[in-house]
2 protein chains.
Amino acid sequence: MPRVRTKVAREAAPKPSFDRGAAREQREAMILDEAIRFFADVGFAGQTRELARRLGLTQPALYKYFQSKEELIEKVYQRVFISRWKSEWERMLTEPAVPLKDKLERFYLDYARIVVEHNFIRITMQAALAGDRLTSRYVTQVGERIVPRVCHAVREAAGLPPIADGELSARELQTVWDLQGAIIYLAVRHHIYGFAPLEPLETSVRGIVATFIAGAPQVFGELARVDAGETVRKARTGRKSGSSLSK
Amino acid sequence: MPRVRTKVAREAAPKPSFDRGAAREQREAMILDEAIRFFADVGFAGQTRELARRLGLTQPALYKYFQSKEELIEKVYQRVFISRWKSEWERMLTEPAVPLKDKLERFYLDYARIVVEHNFIRITMQAALAGDRLTSRYVTQVGERIVPRVCHAVREAAGLPPIADGELSARELQTVWDLQGAIIYLAVRHHIYGFAPLEPLETSVRGIVATFIAGAPQVFGELARVDAGETVRKARTGRKSGSSLSK
DNA sequence: GACTTTGGTTATCGTTTGATAACTAAACGC
DNA sequence: GCGTTTAGTTATCAAACGATAACCAAAGTC
(Lines give C-alpha, C1' and ligand atoms only; values in the text may rest on other atoms or scores of the structure.)
Protein backbone atom coordinates (compact mmCIF):
# COMPACT_ATOMS: atom_id res chain seq x y z
CA MET A 1 0.00 0.00 0.00
CA PRO A 2 2.35 2.72 -1.11
CA ARG A 3 -0.60 5.13 -1.34
CA VAL A 4 -1.21 5.15 2.36
CA ARG A 5 2.44 5.44 3.14
CA THR A 6 2.81 8.51 0.97
CA LYS A 7 -0.17 10.14 2.58
CA VAL A 8 1.14 9.54 6.06
CA ALA A 9 4.55 10.83 5.13
CA ARG A 10 3.01 14.00 3.71
CA GLU A 11 0.88 14.66 6.72
CA ALA A 12 3.72 14.10 9.12
CA ALA A 13 6.19 16.14 7.04
CA PRO A 14 8.13 17.68 9.90
CA LYS A 15 10.41 20.22 8.26
CA PRO A 16 8.69 22.55 5.79
CA SER A 17 12.10 23.65 4.59
CA PHE A 18 11.99 27.45 4.75
CA ASP A 19 13.36 28.56 1.44
CA ARG A 20 11.50 25.96 -0.50
CA GLY A 21 8.15 27.24 0.65
CA ALA A 22 9.04 30.85 0.00
CA ALA A 23 10.37 30.11 -3.46
CA ARG A 24 7.25 28.21 -4.26
CA GLU A 25 5.02 31.05 -3.18
CA GLN A 26 7.02 33.43 -5.28
CA ARG A 27 6.66 31.16 -8.26
CA GLU A 28 2.95 30.86 -7.66
CA ALA A 29 2.68 34.63 -7.49
CA MET A 30 4.47 34.92 -10.83
CA ILE A 31 2.02 32.51 -12.36
CA LEU A 32 -0.90 34.39 -10.87
CA ASP A 33 0.37 37.67 -12.26
CA GLU A 34 0.61 36.22 -15.70
CA ALA A 35 -2.80 34.63 -15.27
CA ILE A 36 -4.24 38.03 -14.41
CA ARG A 37 -2.80 39.52 -17.57
CA PHE A 38 -3.93 36.53 -19.58
CA PHE A 39 -7.51 36.38 -18.35
CA ALA A 40 -7.83 40.14 -18.50
CA ASP A 41 -6.90 39.84 -22.16
CA VAL A 42 -8.92 36.91 -23.36
CA GLY A 43 -11.50 36.29 -20.68
CA PHE A 44 -11.89 33.40 -18.30
CA ALA A 45 -12.74 31.09 -21.15
CA GLY A 46 -9.06 31.31 -22.09
CA GLN A 47 -7.33 27.94 -22.24
CA THR A 48 -4.95 26.68 -19.63
CA ARG A 49 -2.67 25.50 -22.43
CA GLU A 50 -2.29 29.01 -23.77
CA LEU A 51 -1.62 30.39 -20.32
CA ALA A 52 1.04 27.76 -19.78
CA ARG A 53 2.61 28.62 -23.11
CA ARG A 54 2.87 32.26 -22.09
CA LEU A 55 4.61 31.16 -18.94
CA GLY A 56 7.01 28.95 -20.83
CA LEU A 57 5.58 25.86 -19.19
CA THR A 58 3.58 22.87 -20.23
CA GLN A 59 -0.08 22.79 -19.31
CA PRO A 60 0.05 20.02 -16.70
CA ALA A 61 2.70 21.97 -14.79
CA LEU A 62 0.01 24.44 -13.77
CA TYR A 63 -1.68 21.69 -11.84
CA LYS A 64 1.31 21.50 -9.53
CA TYR A 65 0.18 24.88 -8.24
CA PHE A 66 -3.58 24.82 -8.60
CA GLN A 67 -5.96 21.95 -8.20
CA SER A 68 -8.22 23.14 -10.95
CA LYS A 69 -8.81 26.01 -13.30
CA GLU A 70 -11.57 27.16 -11.02
CA GLU A 71 -9.22 27.44 -8.07
CA LEU A 72 -6.75 29.35 -10.22
CA ILE A 73 -9.45 31.83 -11.19
CA GLU A 74 -10.52 32.17 -7.59
CA LYS A 75 -6.97 33.09 -6.61
CA VAL A 76 -6.79 35.52 -9.48
CA TYR A 77 -9.85 37.27 -8.11
CA GLN A 78 -8.38 37.46 -4.64
CA ARG A 79 -5.08 38.81 -5.86
CA VAL A 80 -6.77 41.44 -8.00
CA PHE A 81 -9.22 42.70 -5.44
CA ILE A 82 -7.38 42.35 -2.15
CA SER A 83 -4.32 44.12 -3.42
CA ARG A 84 -6.34 47.08 -4.63
CA TRP A 85 -8.12 48.29 -1.60
CA LYS A 86 -6.37 50.92 0.45
CA SER A 87 -7.50 51.27 4.00
CA GLU A 88 -6.22 54.86 4.16
CA TRP A 89 -8.96 55.89 1.76
CA GLU A 90 -11.47 55.90 4.55
CA ARG A 91 -9.20 58.09 6.62
CA MET A 92 -8.55 60.47 3.75
CA LEU A 93 -12.25 61.15 3.43
CA THR A 94 -12.89 61.80 7.10
CA GLU A 95 -9.90 63.96 7.84
CA PRO A 96 -11.26 67.14 9.40
CA ALA A 97 -10.43 70.68 8.28
CA VAL A 98 -9.55 69.69 4.74
CA PRO A 99 -11.58 71.69 2.20
CA LEU A 100 -14.02 69.58 0.20
CA LYS A 101 -12.26 70.12 -3.07
CA ASP A 102 -8.87 69.07 -1.74
CA LYS A 103 -10.34 66.10 0.04
CA LEU A 104 -12.13 64.78 -3.01
CA GLU A 105 -9.26 65.49 -5.35
CA ARG A 106 -6.74 63.72 -3.17
CA PHE A 107 -8.93 60.71 -2.72
CA TYR A 108 -10.18 60.34 -6.28
CA LEU A 109 -6.75 60.90 -7.80
CA ASP A 110 -5.44 58.03 -5.73
CA TYR A 111 -8.51 55.89 -6.25
CA ALA A 112 -8.48 56.44 -9.98
CA ARG A 113 -4.84 55.48 -10.26
CA ILE A 114 -5.73 52.10 -8.77
CA VAL A 115 -9.03 51.52 -10.44
CA VAL A 116 -8.53 52.98 -13.90
CA GLU A 117 -6.13 50.29 -14.91
CA HIS A 118 -6.28 47.78 -17.70
CA ASN A 119 -6.17 44.51 -15.82
CA PHE A 120 -8.23 45.65 -12.89
CA ILE A 121 -11.20 46.93 -14.80
CA ARG A 122 -11.22 44.05 -17.25
CA ILE A 123 -10.96 41.35 -14.61
CA THR A 124 -13.57 43.12 -12.53
CA MET A 125 -15.99 43.34 -15.38
CA GLN A 126 -15.50 39.77 -16.52
CA ALA A 127 -15.86 38.50 -13.00
CA ALA A 128 -19.02 40.51 -12.47
CA LEU A 129 -20.49 39.27 -15.73
CA ALA A 130 -19.68 35.74 -14.69
CA GLY A 131 -21.57 36.35 -11.48
CA ASP A 132 -18.63 36.17 -9.13
CA ARG A 133 -19.16 37.37 -5.60
CA LEU A 134 -15.86 39.07 -4.92
CA THR A 135 -16.63 41.81 -7.40
CA SER A 136 -19.81 42.71 -5.59
CA ARG A 137 -17.83 42.63 -2.39
CA TYR A 138 -15.56 45.32 -3.77
CA VAL A 139 -18.46 47.45 -4.92
CA THR A 140 -20.20 46.85 -1.62
CA GLN A 141 -17.15 48.17 0.17
CA VAL A 142 -17.24 51.27 -1.98
CA GLY A 143 -20.89 51.65 -1.11
CA GLU A 144 -20.31 51.23 2.59
CA ARG A 145 -17.01 52.93 3.21
CA ILE A 146 -16.55 55.50 0.47
CA VAL A 147 -19.89 56.77 -0.73
CA PRO A 148 -21.33 57.69 2.69
CA ARG A 149 -18.14 59.47 3.67
CA VAL A 150 -18.22 61.55 0.53
CA CYS A 151 -21.85 62.35 1.27
CA HIS A 152 -21.01 63.56 4.73
CA ALA A 153 -18.16 65.66 3.40
CA VAL A 154 -20.44 67.32 0.87
CA ARG A 155 -23.12 67.93 3.47
CA GLU A 156 -20.61 69.54 5.74
CA ALA A 157 -19.34 71.80 2.98
CA ALA A 158 -22.90 72.69 2.08
CA GLY A 159 -23.56 73.66 5.66
CA LEU A 160 -26.00 70.84 6.33
CA PRO A 161 -26.21 69.24 9.77
CA PRO A 162 -24.34 65.95 10.32
CA ILE A 163 -26.40 62.76 10.27
CA ALA A 164 -25.82 59.05 10.56
CA ASP A 165 -24.95 56.88 7.52
CA GLY A 166 -28.35 55.31 7.60
CA GLU A 167 -30.11 58.62 7.36
CA LEU A 168 -28.50 59.65 4.09
CA SER A 169 -31.19 59.88 1.46
CA ALA A 170 -31.18 57.76 -1.66
CA ARG A 171 -30.84 60.97 -3.64
CA GLU A 172 -27.70 62.01 -1.83
CA LEU A 173 -26.15 58.58 -2.10
CA GLN A 174 -27.01 58.26 -5.77
CA THR A 175 -25.46 61.64 -6.52
CA VAL A 176 -22.19 60.35 -5.16
CA TRP A 177 -22.55 57.06 -7.00
CA ASP A 178 -22.83 59.13 -10.16
CA LEU A 179 -19.45 60.63 -9.37
CA GLN A 180 -18.07 57.11 -8.93
CA GLY A 181 -19.64 56.19 -12.22
CA ALA A 182 -17.91 58.95 -14.08
CA ILE A 183 -14.57 57.77 -12.71
CA ILE A 184 -15.16 54.13 -13.52
CA TYR A 185 -16.36 55.03 -16.99
CA LEU A 186 -12.93 56.51 -17.68
CA ALA A 187 -11.62 53.00 -17.27
CA VAL A 188 -14.40 51.40 -19.28
CA ARG A 189 -14.02 53.75 -22.20
CA HIS A 190 -10.29 53.29 -22.35
CA HIS A 191 -9.63 49.71 -21.35
CA ILE A 192 -12.80 47.96 -22.42
CA TYR A 193 -14.12 49.98 -25.33
CA GLY A 194 -10.56 50.63 -26.41
CA PHE A 195 -10.69 54.37 -26.99
CA ALA A 196 -7.70 56.51 -26.28
CA PRO A 197 -8.22 58.97 -23.43
CA LEU A 198 -8.81 62.54 -24.52
CA GLU A 199 -6.48 63.91 -21.87
CA PRO A 200 -4.30 62.70 -18.98
CA LEU A 201 -6.12 60.76 -16.29
CA GLU A 202 -5.33 63.37 -13.68
CA THR A 203 -6.95 66.11 -15.72
CA SER A 204 -10.11 64.08 -16.16
CA VAL A 205 -10.33 63.26 -12.48
CA ARG A 206 -9.87 66.88 -11.49
CA GLY A 207 -12.53 67.81 -14.01
CA ILE A 208 -15.00 65.28 -12.66
CA VAL A 209 -14.42 66.48 -9.14
CA ALA A 210 -14.73 70.10 -10.24
CA THR A 211 -18.06 69.49 -11.97
CA PHE A 212 -19.28 67.56 -8.99
CA ILE A 213 -18.28 70.26 -6.53
CA ALA A 214 -19.85 72.93 -8.62
CA GLY A 215 -23.06 70.96 -8.91
CA ALA A 216 -23.60 68.54 -6.08
CA PRO A 217 -23.67 70.80 -3.04
CA GLN A 218 -26.28 72.84 -4.77
CA VAL A 219 -28.30 69.69 -5.40
CA PHE A 220 -27.81 68.59 -1.81
CA GLY A 221 -28.82 72.04 -0.68
CA GLU A 222 -31.97 72.00 -2.72
CA LEU A 223 -32.81 68.63 -1.28
CA ALA A 224 -32.41 70.06 2.18
CA ARG A 225 -34.58 73.03 1.35
CA VAL A 226 -37.28 70.79 0.01
CA ASP A 227 -37.07 68.64 3.11
CA ALA A 228 -36.83 71.38 5.66
CA GLY A 229 -38.51 74.35 4.05
CA GLU A 230 -35.70 76.77 3.25
CA THR A 231 -34.12 76.71 6.68
CA VAL A 232 -30.61 75.83 5.59
CA ARG A 233 -29.00 78.43 3.38
CA LYS A 234 -25.92 79.64 5.11
CA ALA A 235 -23.52 78.00 2.68
CA ARG A 236 -25.33 79.16 -0.41
CA THR A 237 -24.41 82.36 -2.12
CA GLY A 238 -27.86 83.62 -2.75
CA ARG A 239 -27.98 82.66 -6.36
CA LYS A 240 -31.38 81.56 -7.52
CA SER A 241 -31.40 77.89 -8.29
CA GLY A 242 -32.83 78.05 -11.75
CA SER A 243 -30.87 80.93 -13.29
CA SER A 244 -30.71 81.48 -17.02
CA LEU A 245 -28.51 78.45 -17.31
CA SER A 246 -30.98 75.88 -16.25
CA LYS A 247 -34.10 77.38 -17.69
CA MET B 1 -24.05 14.65 -60.62
CA PRO B 2 -26.96 15.32 -58.40
CA ARG B 3 -24.87 17.88 -56.53
CA VAL B 4 -24.69 20.22 -59.44
CA ARG B 5 -28.32 19.82 -60.22
CA THR B 6 -29.29 20.80 -56.71
CA LYS B 7 -27.08 23.81 -56.80
CA VAL B 8 -28.48 25.01 -60.09
CA ALA B 9 -31.98 24.49 -58.88
CA ARG B 10 -31.28 26.52 -55.76
CA GLU B 11 -29.66 29.36 -57.64
CA ALA B 12 -32.42 29.51 -60.19
CA ALA B 13 -35.14 29.11 -57.57
CA PRO B 14 -37.75 31.18 -59.28
CA LYS B 15 -40.45 31.68 -56.72
CA PRO B 16 -39.25 32.66 -53.27
CA SER B 17 -42.69 31.80 -52.02
CA PHE B 18 -43.70 34.91 -50.06
CA ASP B 19 -45.03 33.51 -46.84
CA ARG B 20 -42.28 30.99 -46.50
CA GLY B 21 -39.60 33.64 -46.49
CA ALA B 22 -41.48 35.86 -44.10
CA ALA B 23 -42.22 33.03 -41.73
CA ARG B 24 -38.61 32.01 -41.80
CA GLU B 25 -37.43 35.48 -40.99
CA GLN B 26 -39.86 35.66 -38.13
CA ARG B 27 -38.60 32.36 -36.80
CA GLU B 28 -35.03 33.54 -37.15
CA ALA B 29 -35.90 36.70 -35.25
CA MET B 30 -37.40 34.64 -32.46
CA ILE B 31 -34.24 32.60 -32.23
CA LEU B 32 -32.13 35.73 -32.21
CA ASP B 33 -34.18 37.22 -29.42
CA GLU B 34 -33.70 34.15 -27.31
CA ALA B 35 -30.02 34.12 -28.22
CA ILE B 36 -29.70 37.69 -26.99
CA ARG B 37 -31.24 36.78 -23.67
CA PHE B 38 -29.15 33.65 -23.47
CA PHE B 39 -25.78 35.21 -24.27
CA ALA B 40 -26.55 38.22 -22.10
CA ASP B 41 -27.06 35.76 -19.28
CA VAL B 42 -24.19 33.36 -19.63
CA GLY B 43 -21.76 35.03 -22.00
CA PHE B 44 -20.76 34.12 -25.51
CA ALA B 45 -19.06 31.00 -24.27
CA GLY B 46 -22.55 29.60 -23.70
CA GLN B 47 -23.20 26.37 -25.52
CA THR B 48 -25.34 26.08 -28.59
CA ARG B 49 -26.96 23.01 -27.07
CA GLU B 50 -28.20 24.96 -24.11
CA LEU B 51 -29.52 27.72 -26.34
CA ALA B 52 -31.34 25.14 -28.44
CA ARG B 53 -32.81 23.60 -25.33
CA ARG B 54 -34.20 26.95 -24.26
CA LEU B 55 -35.80 27.28 -27.66
CA GLY B 56 -37.29 23.82 -27.44
CA LEU B 57 -35.19 22.64 -30.37
CA THR B 58 -32.32 20.30 -30.92
CA GLN B 59 -28.91 21.80 -31.39
CA PRO B 60 -28.40 20.95 -35.06
CA ALA B 61 -31.64 22.76 -35.88
CA LEU B 62 -29.88 26.05 -35.19
CA TYR B 63 -27.64 25.38 -38.12
CA LYS B 64 -30.60 25.62 -40.44
CA TYR B 65 -30.61 29.32 -39.61
CA PHE B 66 -26.97 30.15 -39.01
CA GLN B 67 -23.90 28.77 -40.65
CA SER B 68 -21.86 28.89 -37.48
CA LYS B 69 -21.95 30.09 -33.93
CA GLU B 70 -19.83 33.00 -34.99
CA GLU B 71 -22.40 34.12 -37.52
CA LEU B 72 -25.13 33.78 -34.92
CA ILE B 73 -23.20 36.01 -32.54
CA GLU B 74 -22.59 38.49 -35.31
CA LYS B 75 -26.30 38.72 -35.95
CA VAL B 76 -26.96 39.06 -32.25
CA TYR B 77 -24.65 42.07 -32.21
CA GLN B 78 -26.40 43.63 -35.16
CA ARG B 79 -29.83 43.10 -33.71
CA VAL B 80 -28.82 44.55 -30.36
CA PHE B 81 -27.05 47.61 -31.65
CA ILE B 82 -28.98 48.54 -34.74
CA SER B 83 -32.32 48.40 -33.00
CA ARG B 84 -31.13 50.69 -30.23
CA TRP B 85 -30.01 53.77 -32.02
CA LYS B 86 -32.63 56.44 -32.49
CA SER B 87 -31.96 58.93 -35.20
CA GLU B 88 -34.20 61.51 -33.54
CA TRP B 89 -31.68 61.86 -30.74
CA GLU B 90 -29.51 64.05 -32.89
CA ARG B 91 -32.50 66.23 -33.67
CA MET B 92 -33.56 66.45 -30.04
CA LEU B 93 -30.20 67.87 -29.10
CA THR B 94 -30.08 70.50 -31.79
CA GLU B 95 -33.62 71.77 -31.55
CA PRO B 96 -33.38 75.50 -31.08
CA ALA B 97 -35.07 77.50 -28.33
CA VAL B 98 -35.34 74.59 -25.92
CA PRO B 99 -33.76 75.42 -22.55
CA LEU B 100 -30.65 73.38 -21.78
CA LYS B 101 -32.22 71.56 -18.89
CA ASP B 102 -35.25 70.46 -20.86
CA LYS B 103 -33.15 69.48 -23.80
CA LEU B 104 -30.79 67.31 -21.78
CA GLU B 105 -33.54 65.81 -19.66
CA ARG B 106 -35.62 64.86 -22.64
CA PHE B 107 -32.69 63.30 -24.42
CA TYR B 108 -31.11 61.49 -21.51
CA LEU B 109 -34.41 60.14 -20.23
CA ASP B 110 -35.02 58.58 -23.60
CA TYR B 111 -31.44 57.48 -24.04
CA ALA B 112 -31.31 55.92 -20.58
CA ARG B 113 -34.48 53.99 -21.18
CA ILE B 114 -32.79 52.33 -24.14
CA VAL B 115 -29.33 51.91 -22.76
CA VAL B 116 -29.95 51.11 -19.11
CA GLU B 117 -31.39 47.74 -19.91
CA HIS B 118 -30.29 44.30 -18.86
CA ASN B 119 -29.61 42.66 -22.18
CA PHE B 120 -28.22 45.72 -23.88
CA ILE B 121 -25.59 46.58 -21.32
CA ARG B 122 -24.53 42.99 -20.79
CA ILE B 123 -24.24 42.16 -24.47
CA THR B 124 -22.43 45.43 -25.08
CA MET B 125 -19.94 44.79 -22.34
CA GLN B 126 -19.29 41.19 -23.32
CA ALA B 127 -18.88 42.15 -26.93
CA ALA B 128 -16.49 44.93 -26.04
CA LEU B 129 -14.44 42.64 -23.82
CA ALA B 130 -14.30 40.14 -26.65
CA GLY B 131 -12.95 42.88 -28.88
CA ASP B 132 -15.88 43.14 -31.21
CA ARG B 133 -16.02 46.09 -33.52
CA LEU B 134 -19.72 46.87 -33.45
CA THR B 135 -19.57 47.97 -29.84
CA SER B 136 -16.94 50.54 -30.62
CA ARG B 137 -19.08 51.59 -33.54
CA TYR B 138 -21.89 52.36 -31.13
CA VAL B 139 -19.65 54.29 -28.79
CA THR B 140 -18.09 56.05 -31.75
CA GLN B 141 -21.53 57.17 -32.80
CA VAL B 142 -22.16 58.55 -29.35
CA GLY B 143 -18.85 60.36 -29.59
CA GLU B 144 -19.59 61.80 -32.98
CA ARG B 145 -23.29 62.52 -32.87
CA ILE B 146 -24.24 63.01 -29.24
CA VAL B 147 -21.31 64.35 -27.26
CA PRO B 148 -20.48 67.30 -29.54
CA ARG B 149 -24.12 68.32 -29.70
CA VAL B 150 -24.37 68.35 -25.93
CA CYS B 151 -21.20 70.42 -25.83
CA HIS B 152 -22.66 72.98 -28.20
CA ALA B 153 -25.85 73.12 -26.21
CA VAL B 154 -23.93 73.77 -23.01
CA ARG B 155 -21.78 76.40 -24.66
CA GLU B 156 -24.83 78.15 -25.92
CA ALA B 157 -26.45 78.13 -22.51
CA ALA B 158 -23.21 79.41 -20.98
CA GLY B 159 -23.17 82.28 -23.46
CA LEU B 160 -20.10 81.06 -25.31
CA PRO B 161 -19.75 81.66 -29.04
CA PRO B 162 -20.62 78.79 -31.39
CA ILE B 163 -17.74 76.83 -32.84
CA ALA B 164 -17.27 73.82 -35.11
CA ASP B 165 -17.20 70.26 -33.77
CA GLY B 166 -13.52 70.00 -34.39
CA GLU B 167 -12.78 73.04 -32.27
CA LEU B 168 -14.32 71.66 -29.11
CA SER B 169 -11.59 71.21 -26.53
CA ALA B 170 -10.72 67.87 -25.01
CA ARG B 171 -11.79 69.29 -21.66
CA GLU B 172 -15.24 70.18 -22.92
CA LEU B 173 -15.73 66.84 -24.62
CA GLN B 174 -14.51 64.90 -21.62
CA THR B 175 -16.89 66.76 -19.34
CA VAL B 176 -19.77 65.52 -21.44
CA TRP B 177 -18.31 62.02 -21.60
CA ASP B 178 -18.38 62.07 -17.82
CA LEU B 179 -22.09 62.72 -17.97
CA GLN B 180 -22.44 59.77 -20.32
CA GLY B 181 -20.39 57.73 -17.90
CA ALA B 182 -22.69 58.46 -15.00
CA ILE B 183 -25.66 57.28 -17.07
CA ILE B 184 -23.98 54.11 -18.26
CA TYR B 185 -22.81 53.34 -14.77
CA LEU B 186 -26.44 53.19 -13.68
CA ALA B 187 -26.72 50.23 -15.99
CA VAL B 188 -23.44 48.67 -14.91
CA ARG B 189 -24.23 48.89 -11.23
CA HIS B 190 -27.65 47.39 -11.67
CA HIS B 191 -27.34 44.87 -14.47
CA ILE B 192 -23.71 43.81 -14.21
CA TYR B 193 -22.78 44.24 -10.58
CA GLY B 194 -26.27 43.19 -9.64
CA PHE B 195 -27.18 45.90 -7.15
CA ALA B 196 -30.71 47.13 -6.86
CA PRO B 197 -31.16 50.75 -7.94
CA LEU B 198 -31.53 53.20 -5.07
CA GLU B 199 -34.35 55.04 -6.77
CA PRO B 200 -36.33 54.97 -10.03
CA LEU B 201 -34.26 55.37 -13.17
CA GLU B 202 -36.00 58.59 -14.06
CA THR B 203 -35.06 60.17 -10.76
CA SER B 204 -31.42 59.23 -11.20
CA VAL B 205 -31.29 60.58 -14.73
CA ARG B 206 -32.85 63.86 -13.68
CA GLY B 207 -30.37 64.04 -10.84
CA ILE B 208 -27.39 63.43 -13.11
CA VAL B 209 -28.59 66.09 -15.50
CA ALA B 210 -29.24 68.50 -12.63
CA THR B 211 -25.75 68.06 -11.21
CA PHE B 212 -24.27 68.42 -14.64
CA ILE B 213 -26.20 71.59 -15.37
CA ALA B 214 -25.31 73.09 -12.05
CA GLY B 215 -21.64 72.28 -12.59
CA ALA B 216 -20.68 71.99 -16.22
CA PRO B 217 -21.53 75.42 -17.60
CA GLN B 218 -19.46 76.89 -14.83
CA VAL B 219 -16.58 74.63 -15.80
CA PHE B 220 -17.05 75.50 -19.44
CA GLY B 221 -17.20 79.16 -18.49
CA GLU B 222 -13.99 78.96 -16.54
CA LEU B 223 -12.36 77.26 -19.48
CA ALA B 224 -13.44 80.11 -21.67
CA ARG B 225 -12.18 82.70 -19.22
CA VAL B 226 -8.84 80.99 -19.06
CA ASP B 227 -8.70 80.85 -22.82
CA ALA B 228 -9.95 84.29 -23.61
CA GLY B 229 -9.12 86.31 -20.55
CA GLU B 230 -12.44 87.01 -18.90
CA THR B 231 -14.18 88.28 -22.03
CA VAL B 232 -17.19 86.01 -21.90
CA ARG B 233 -19.35 86.45 -18.86
CA LYS B 234 -22.76 87.51 -20.05
CA ALA B 235 -24.54 84.31 -19.03
CA ARG B 236 -22.88 84.04 -15.68
CA THR B 237 -24.64 85.32 -12.63
CA GLY B 238 -21.75 87.11 -11.08
CA ARG B 239 -21.02 84.49 -8.47
CA LYS B 240 -17.37 84.03 -7.76
CA SER B 241 -16.24 80.72 -9.13
CA GLY B 242 -14.71 79.35 -6.00
CA SER B 243 -17.22 80.28 -3.33
CA SER B 244 -17.09 78.79 0.13
CA LEU B 245 -18.30 75.53 -1.30
CA SER B 246 -15.26 74.69 -3.30
CA LYS B 247 -12.65 76.01 -0.95
C1' DG C 1 25.31 8.31 -0.85
C1' DA C 2 20.55 6.38 -0.35
C1' DC C 3 15.75 8.39 0.12
C1' DT C 4 12.25 11.80 -0.47
C1' DT C 5 10.22 15.83 -2.26
C1' DT C 6 9.51 18.85 -5.83
C1' DG C 7 8.79 20.92 -10.22
C1' DG C 8 8.73 19.69 -14.35
C1' DT C 9 7.98 16.55 -18.54
C1' DT C 10 5.33 13.41 -22.15
C1' DA C 11 1.41 10.75 -23.12
C1' DT C 12 -3.22 10.17 -22.65
C1' DC C 13 -8.02 10.05 -20.98
C1' DG C 14 -12.92 11.51 -20.96
C1' DT C 15 -16.00 15.32 -21.72
C1' DT C 16 -17.58 19.02 -23.98
C1' DT C 17 -18.74 21.27 -27.91
C1' DG C 18 -19.24 23.11 -32.60
C1' DA C 19 -20.45 21.17 -36.74
C1' DT C 20 -22.00 17.66 -40.30
C1' DA C 21 -24.45 13.60 -42.40
C1' DA C 22 -28.33 11.15 -43.28
C1' DC C 23 -32.92 10.81 -42.82
C1' DT C 24 -38.07 12.19 -42.36
C1' DA C 25 -42.39 14.26 -42.51
C1' DA C 26 -44.99 18.13 -43.52
C1' DA C 27 -45.77 22.05 -46.73
C1' DC C 28 -45.63 23.81 -51.27
C1' DG C 29 -45.84 24.50 -56.45
C1' DC C 30 -47.77 22.89 -60.44
C1' DG D 1 -50.93 13.43 -56.94
C1' DC D 2 -45.87 14.14 -57.56
C1' DG D 3 -41.46 15.95 -57.14
C1' DT D 4 -39.01 19.57 -54.35
C1' DT D 5 -38.02 22.46 -50.35
C1' DT D 6 -37.76 22.96 -45.81
C1' DA D 7 -37.58 22.62 -40.81
C1' DG D 8 -36.76 19.53 -38.02
C1' DT D 9 -34.90 14.98 -36.19
C1' DT D 10 -31.12 11.28 -34.57
C1' DA D 11 -26.54 9.79 -34.79
C1' DT D 12 -21.98 10.96 -35.04
C1' DC D 13 -17.51 13.21 -36.01
C1' DA D 14 -13.34 15.76 -34.87
C1' DA D 15 -11.19 19.09 -32.34
C1' DA D 16 -10.63 21.44 -28.03
C1' DC D 17 -9.87 21.25 -23.39
C1' DG D 18 -9.50 20.29 -18.44
C1' DA D 19 -7.43 16.94 -15.88
C1' DT D 20 -4.67 12.75 -14.59
C1' DA D 21 -0.98 9.11 -14.84
C1' DA D 22 3.47 7.84 -15.11
C1' DC D 23 7.87 9.05 -15.36
C1' DC D 24 12.28 11.84 -14.51
C1' DA D 25 16.00 14.78 -12.94
C1' DA D 26 17.58 17.98 -9.70
C1' DA D 27 17.63 19.64 -5.08
C1' DG D 28 17.24 18.77 -0.14
C1' DT D 29 17.47 15.77 4.00
C1' DC D 30 19.56 12.61 7.07
What's the closest nucleotide to the Ala61(B) side chain, out of dA19(D), dT9(D), dG18(C)?
-> dT9(D)

Looking at the side chain of Pro60(B), which of dA11(D), dG7(C), dA19(D) is the nearest nucleotide?
-> dA11(D)

Examine dT9(D): is either OP1 or OP2 under 4.0 Å from a nitrogen or oxygen in the side chain of Thr58(B)? Give yes or no.
-> yes

Length of the CD1-P vector between Ile31(A) and dT6(C), whole Å = 15 Å

Taking all heavy atoms of Ile183(B) and all of Ala112(B), pick out the closest pair and write down the distance.
-> CG2-CB, 4.2 Å

When the distance from CD of Glu25(B) to P of dT6(D) is rounded to whole Å, what number comes out?
-> 14 Å

Separation of dA16(D) P from Arg53(A) CZ (nearest whole Å) | 15 Å

Rounding to a whole Å, what distance do you find between Leu51(B):CG and dA19(C):C1'?
-> 15 Å

So, is Tyr63(A) close to the dG8(C) phosphate, meaning a side-chain N or O under 4.0 Å from OP1 or OP2?
-> no

Hey, does the side chain of Arg24(B) come within less than 4.0 Å of dT6(D)'s phosphate (OP1/OP2), counting only N and O?
-> no

With respect to Ser169(A), which candidate in Arg171(A), Glu172(A), Glu167(A) satisfies the side-chain hydrogen bond (donor to acceptor under 3.5 Å, both in side chains) definition?
-> Glu172(A)

Atom pairs under 3.5 Å: protein N/O with N/O of nucleotides 13-16 of chain C:
none

Would you please name every residue forming a salt bridge (Lys or Arg N to Asp or Glu O under 4.0 Å) with Asp165(B), sequence neighbours left out?
-> none

How would you label the contact of Thr48(A) with the nucleic acid (heavy atoms, under 4.0 Å): base, sugar-phosphate, or nothing?
-> sugar-phosphate

Do the charged groups of Arg79(B) and Asp33(B) touch, with an N to O distance under 4.0 Å?
-> yes

Options dA19(C), dG18(D), dG8(C), nucleotide nearest the side-chain atoms of Gln59(A) = dG18(D)

By salt bridge (Lys or Arg N to Asp or Glu O under 4.0 Å) - contacts of Glu95(B) (at least two apart) | none

Measure from CD on Glu28(B) to C1' on dG8(D) and round the result to the nearest Å.
-> 16 Å

Hey, which of Gln180(B), Arg106(B), Arg84(B), Lys86(B) is the one that makes side-chain hydrogen bond (donor to acceptor under 3.5 Å, both in side chains) with Tyr111(B)?
-> Gln180(B)

dA19(C) P sits how many Å from Ile73(B) CD1, rounded?
-> 9 Å

Pick base, sugar-phosphate or nothing for Lys69(B), based on heavy-atom distances below 4.0 Å to the nucleic acid.
-> sugar-phosphate

Are Arg53(B) and Glu50(B) ion-paired here, with the side-chain N under 4.0 Å from a carboxylate O?
-> yes

Between Phe44(A) and Leu57(B), whichever has its closest DNA chain D nucleotide further toward 5' is Leu57(B)

Which nucleotide in dT9(D), dT9(C), dA7(D) has an atom nearest any side-chain atom of Arg27(B) | dA7(D)

Looking only at side-chain atoms of Lys64(B), point me to the closest of dG18(C), dA7(D), dA11(D).
-> dA7(D)

Before accepting this row, confirm whether a basic side-chain N of the pair Glu34(B)/Arg37(B) lies closer than 4.0 Å to the acidic partner's carboxylate O.
-> yes

Check the distance between dA19(C)'s P and Glu70(B)'s CD and give it to me in whole angstrom.
-> 8 Å

